[in-house]
2 protein chains.
Amino acid sequence: MAEKQVVSSREKILDVGEARFARRGFAGVGLREVAEAAELSKSTLFHHFTSKAALYCCVLHRVLLRLEESLRPALERSGTPLARLEGVLDALIDVLAEHGATSRLLLRAIFEDDDLPEESLPESDALNATLARILSSMEALIRKGVKEGQFRPISAKHTVQTLIGATVYHFASGDFGAQLLGQPLFSAEAVKARREEVKSLVRFGLTMPESAPAGEPS
Amino acid sequence: MAEKQVVSSREKILDVGEARFARRGFAGVGLREVAEAAELSKSTLFHHFTSKAALYCCVLHRVLLRLEESLRPALERSGTPLARLEGVLDALIDVLAEHGATSRLLLRAIFEDDDLPEESLPESDALNATLARILSSMEALIRKGVKEGQFRPISAKHTVQTLIGATVYHFASGDFGAQLLGQPLFSAEAVKARREEVKSLVRFGLTMPESAPAGEPS
DNA sequence: GTCTATACTACGATAGAC
DNA sequence: GTCTATCGTAGTATAGAC
């Protein structure tokens with residue numbers, strides 16, 4: 001383990017693209033800038049990726065796959081829906097906090113539909129499939145909690161949206177969020193505080209008022 | 001009232017800019033495109049605004065002022081913090097649902113810090129001041145609710161972030177959100193459902209578990 | 001697989017006539 | 001206040017040598 005492996009050009013381009021696209025979006029980043037930061041020429045980018053849009057999709061997909069991998073253990077764990085959901089939120093906040101670019105990239109991927117020129121490249125289909133997998137897992141988990149009576153009769157879809165807002169949006173909010181909180185978003189202290197706030201919101205806001213959160217329904 | 005007033009060129013440019021910047025962001029919109037949609041020449045834009053960045057700031061500021069005006073009555077109303085907060089959320093969701101571009105513009109303004117070239121134009125200071133006013137009002141309202149014992153001992157700052165995520169992010173989520181929900185985000189039905197979900201989350205998630213929500217403390 | 005050179009288009013911004 | 005014309009730069013993408 002810990003092989004001394006030189007990073008391939010392709011990976012280097014993806015790394016640079018991830019950072020740059022997160023910061024300035026698809027339209028805001030030039031391939032010149034990416035090439036320089038990756039210490040390659042512009043033409044070399046086109047050898048590895050068929051177009052700028054394809055590069056962007058590959059960057060997004062790599063992020064989504066990493067995210068899926070991080071959430072999988074928490075999603076597949078056994079336990080009550082609440083306990084599992086809290087585990088998912090822990091894992092999600094962990095990965096967002098560790099990779100600063102992830103939240104912005106995800107948010108951009110979500111709401112910059114028509115940033116990409118015209119309709120779907122082949123790369124974007126794989127991306128959407130990965131995203132759909134993650135979301136439907138979360139939705140199923142919440143729906144299960146409602147069905148078993150641990151959660152209030154909330155809408156699973158709306159709750160997913162709320163939780164994305166509470167996590168992905170939060171860590172994507174940059175200078176704005178930091179100024180609002182009065183401390184850097186990614187400081188250990190702020191991350192811990194966010195985790196507590198989100199989880200307590202879930203405990204109080206989603207569960208049935210008089211149910212014991214730890215109870216295992218039949 | 002209801003004067004038959006021809007819209008000034010300046011307003012027309014702002015209208016076009018609002019729609020375009022919301023959809024594609026600062027970097028994604030060209031002034032050529034704006035000029036054509038406003039039925040003016042590119043040069044005319046520079047007569048009304050000193051630069052593209054200045055136009056962008058003016059667009060954002062107009063949106064923020066409209067938002068502030070919409071929230072003011074709800075913020076200044078009397079009543080318990082919970083009742084007032086619910087009123088604010090109603091007003092916020094109303095204005096976001098009515099002007100589709102607003103949520104995306106706000107979200108972009110929040111997390112696209114360094115999209116704008118270098119440091120602050122004069123226009124951007126006024127913008128930030130308006131935003132700070134709105135936020136501190138909301139924060140104060142939540143803090144009051146905690147102090148009076150109607151809300152749990154939550155962090156007012158984090159709660160503001162969560163509520164922004166639950167509203168602004170939601171209505172900015174575009175095709176993604178529509179696909180997740182299974183219906184258009186801005187349909188009357190979906191807007192109503194969102195309002196209910198957010199307000200019930202606030203009622204259950206923010207208030208003290210055994211307090212009567214309608215009680216008037218002190 | 002990486003480079004230099006280049007094609008073509010669009011960009012933001014300015015000059016100056018009307 | 002609006003226009004045409006133009007400047008200089010940077011954009012994505014391709015051709016072809018090595």
Side-chain angles (χ1 to χ4, degrees), chain A residues 5-60 108 112-124, chain B residues 5-60 108 112-124:
Chain A
Q5 166 80 25
V6 171
V7 187
S8 74
S9 290
R10 193 188 152 90
E11 282 167 339
K12 200 164 191 176
I13 296 167
L14 286 170
D15 288 342
V16 171
E18 185 172 322
R20 295 302 210 273
F21 285 134
R23 221 77 221 166
R24 294 177 127 79
F26 178 73
V29 175
L31 294 185
R32 182 181 182 270
E33 175 189 352
V34 174
E36 275 176 15
E39 295 169 298
L40 293 167
S41 84
K42 265 198 297 181
S43 304
T44 305
L45 304 194
F46 286 94
H47 176 77
H48 292 283
F49 303 94
T50 62
S51 70
K52 184 192 182 184
L55 167 59
Y56 185 65
C57 285
C58 288
V59 166
L60 285 182
R108 289 193 189 276
E112 295 183 350
D113 328 296
D114 30 34
D115 246 26
L116 293 125
E118 45 197 290
E119 73 262 35
S120 41
L121 326 181
E123 288 88 346
S124 112
Chain B
Q5 166 80 25
V6 171
V7 186
S8 74
S9 290
R10 193 188 152 91
E11 282 167 339
K12 197 164 192 175
I13 296 167
L14 287 170
D15 288 341
V16 171
E18 185 173 320
R20 296 300 210 269
F21 285 134
R23 220 78 221 167
R24 293 179 128 77
F26 178 74
V29 175
L31 294 185
R32 181 179 182 272
E33 176 190 350
V34 174
E36 274 175 15
E39 297 169 295
L40 293 166
S41 83
K42 257 202 302 181
S43 304
T44 306
L45 304 194
F46 287 95
H47 175 77
H48 292 282
F49 303 93
T50 63
S51 70
K52 184 190 181 184
L55 167 60
Y56 185 65
C57 285
C58 288
V59 166
L60 286 181
R108 288 193 189 275
E112 293 183 353
D113 329 293
D114 30 33
D115 245 26
L116 294 125
E118 44 200 288
E119 73 264 35
S120 41
L121 327 180
E123 288 88 346
S124 114

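A, B, ... follow the sequence lines: proteins, then strands. Residue 1 opens every chain.
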Do you know which two heavy atoms are closest between [X] and [Y], and how far apart they sit?
| X | Y | answer |
| --- | --- | --- |
| A:K52 | A:V29 | NZ-O, 2.9 Å |
| B:L55 | B:L14 | CD1-CD2, 4.1 Å |
| A:H48 | A:R10 | O-NH1, 3.5 Å |

Handout entry: Short side-chain N/O contact from A:H47 to OP1 or OP2 of C:dT2, under 4.0 Å
Key =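 Negative; the distance criterion is not met.
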Exercise for the section: Taking only the side-chain nitrogens and oxygens of B:S41, find out if one of them lies under 4.0 Å from OP1 or OP2 of D:dC3. Expected result: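 The answer is yes; a side-chain N or O of B:S41 sits under 4.0 Å from OP1 or OP2.
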Can you figure out which of [options] approaches the side chain of [X] most closely?
| X | options | value |
| --- | --- | --- |
| A:T44 | C:dT2, C:dG12, D:dC3 | C:dT2 |
| A:L31 | D:dT12, C:dC3, D:dC3 | D:dT12 |
| A:S43 | C:dC3, C:dC11, D:dC3 | C:dC3 |

What integer distance in Å separates [X]:[atom1] from [N]:[atom2]?
| X | N | atom1 | atom2 | result |
| --- | --- | --- | --- | --- |
| B:E33 | C:dG12 | CD | C1' | 14 Å |
| B:F49 | D:dT2 | CZ | P | 11 Å |
| A:R32 | D:dA13 | CZ | C1' | 16 Å |
| A:E11 | C:dG1 | CD | C1' | 16 Å |
| B:E36 | C:dC11 | CD | C1' | 14 Å |
| B:R10 | D:dG1 | CZ | P | 11 Å |
| B:F46 | C:dC11 | CZ | P | 11 Å |
| B:L40 | D:dT4 | CG | P | 11 Å |

Practice task
Give a yes or no on whether a donor-acceptor pair under 3.5 Å exists between the nucleobase atoms of D:dT2, that is its base, and the side chain of B:S9.
Solution key: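 There is none.
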Handout entry: Partner of B:V16 under side-chain contact (heavy atoms from CB on, under 4.5 Å), chosen from B:V34, B:L40, B:L45
Key =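 Only one of B:V34, B:L40, B:L45 forms a side-chain contact (heavy atoms from CB on, under 4.5 Å) with B:V16, namely B:V34.
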Problem - Test log, rule salt bridge (Lys or Arg N to Asp or Glu O under 4.0 Å), inputs B:K42 and B:E33 - result: CA-CA 9 Å; B:K42 257 202 302 181; B:E33 176 190 350; over 6 Å; no
Problem - A:H48 or A:K42, whichever maps to the more 5' nucleotide of DNA chain C - result: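 Result: A:H48.
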Exercise for the section: Give one of base, sugar-phosphate or nothing for B:V29, where a contact means two heavy atoms less than 4.0 Å apart. Expected result: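 Counting heavy atoms under 4.0 Å across all strands, the contact made by B:V29 is with sugar-phosphate only.
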